[in-house]
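In what follows, a single structure is set out as structure tokens and then discussed.
As the structure is a computational prediction, the values presented were derived from the model and not from experiment. Per chain, numbering begins at 1; letters A, B, ... match sequence-line order.
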Amino acid sequence: MKSSPTEFERRCYALLRQIPEGRVTTYKAIAEALGTKAYRAVGRAMGANPDPVIVPCHRVVASDGTLGGYALGLERKIALLESEGLRIGQGRVEDFKTVFWSAFSV
DNA sequence: CGGTTGACCAAGT
DNA sequence: GACTTGGCCAACC
């Protein structure tokens, strides 16, 4: 089973699950939504991602629209995003601002 | 409890 | 436009 994720990590995962299909968000947006500025802590938490299936971590990209990274490999991340109707251009998300999703937009 | 690391970000060179 | 530096927060050693 899973280790004991901290409240912070759980919060990140819960937020990711709120992301609609075909949309992406940034590490920064997540941190801000959680009421903090720990962009790095969010990224690190994703690295601790216990359930890459339950939690759509592949919908999280860097603030520049770059894919950033993925526990299962960027190739996998790209495939998933394209599968959701997103356009990926050379390690980067096209129409990033268009598909960008904010927790405050709900 | 101090120091290092990390799927980062923004600004400066 | 690409690389370097400083800064932020949380988890790990």
Side-chain angles (χ1 to χ4, degrees):
Chain A
M1 295 302 280
K2 323 298 176 282
S3 310
S4 307
T6 63
E7 293 292 319
F8 184 80
E9 292 173 6
R10 274 187 254 173
R11 210 120 138 88
C12 296
Y13 308 144
L15 202 58
L16 295 179
R17 278 186 259 152
Q18 297 173 64
I19 303 177
E21 200 173 288
R23 288 282 159 90
V24 292
T25 188
T26 69
Y27 301 99
K28 183 177 182 189
I30 295 169
E32 293 289 303
L34 294 179
T36 180
K37 291 157 186 142
Y39 325 116
R40 310 201 78 174
V42 174
R44 197 215 59 77
M46 295 299 111
N49 180 6
D51 300 290
V53 181
I54 302 177
V55 182
C57 336
H58 61 271
R59 289 182 188 153
V60 186
V61 297
S63 64
D64 275 283
T66 47
L67 293 176
Y70 193 53
L72 306 182
L74 289 177
E75 307 294 320
R76 193 68 184 208
K77 185 169 185 174
I78 295 169
L80 286 165
L81 290 172
E82 291 185 316
S83 184
E84 294 190 0
L86 292 175
R87 297 189 303 175
I88 308 300
Q90 199 61 40
R92 189 155 166 172
V93 179
E94 307 243 343
D95 297 315
F96 168 57
K97 297 193 169 189
T98 306
V99 298
F100 178 78
W101 177 84
S102 173
F104 302 103
S105 297
V106 187

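Note on A:Val99 and A:Leu81: same hydrophobic cluster, where clusters join Ile, Leu, Val, Met, Phe, Trp and Tyr whose side-chain heavy atoms are under 4.5 Å apart, directly or indirectly. Under the 4.5 Å side-chain contact rule for hydrophobic residues, A:Ile19 and A:Leu34 share a cluster.
Nearest-nucleotide assignment on DNA chain B puts the 5′-proximal partner with A:Val42, out of A:Val42 and A:Ala62. In this structure, A:Thr66 and A:Arg44 both approach DNA chain B, and ranking their closest nucleotides by distance from the 5' end singles out A:Arg44. Comparing A:Arg40 and A:Thr6 by the nucleotide of DNA chain C that holds the closest heavy atom to each, the one mapping nearer the 5' end is A:Arg40.
Reading DNA chain C from its 5' end, the first and the last nucleotide to sit under 4.0 Å from a heavy atom of chain A are C:dG7 to C:dA11.
Here the side chains of A:Arg59 and A:Glu21 are in contact, with some heavy-atom distance below 4.5 Å.
Across the protein-nucleic acid pair, A:Arg59 atom CZ and B:dA7 atom C1' stand 17 Å apart, rounded to whole Å. In this structure, CE of A:Met46 is placed 17 Å from P of B:dG6, rounded to the nearest angstrom. When the C1' atom of B:dC9 is taken as reference, atom CD1 of A:Ile30 falls 14 Å away, rounded to whole Å.
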Give each protein N/O atom lying under 3.5 Å from an N/O atom of nucleotides 10-13 of chain B, with the pair distance.
unit_1	atom_1	unit_2	atom_2	d
B:dA10	OP1	A:Lys28	NZ	3.0
B:dA10	OP2	A:Ser63	OG	3.2

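For B:dA7, its base never sits under 3.5 Å from the side chain of A:Tyr70 at any donor and acceptor pair.
The minimum heavy-atom distance linking A:Val61 with A:Phe96 is given by the pair CG2-CE1, 3.5 Å. Smallest separation of non-hydrogen atoms from A:Ala45 and A:Glu9: CB-CG, 3.7 Å. Shortest non-hydrogen contact noted between A:Leu16 and A:Cys57 is CD1-CA, 4.3 Å.
By the 6.0 Å contact criterion, CZ on A:Arg10 is enclosed, its count of non-hydrogen atoms from other residues, nucleotides or ligands being greater than 12.
The side chain to side chain contact (heavy atoms under 4.5 Å, CB included) with A:Val93 is formed by just one residue from the set A:Leu67, A:Thr66, A:Asp64, A:Ile78; it is A:Leu67.
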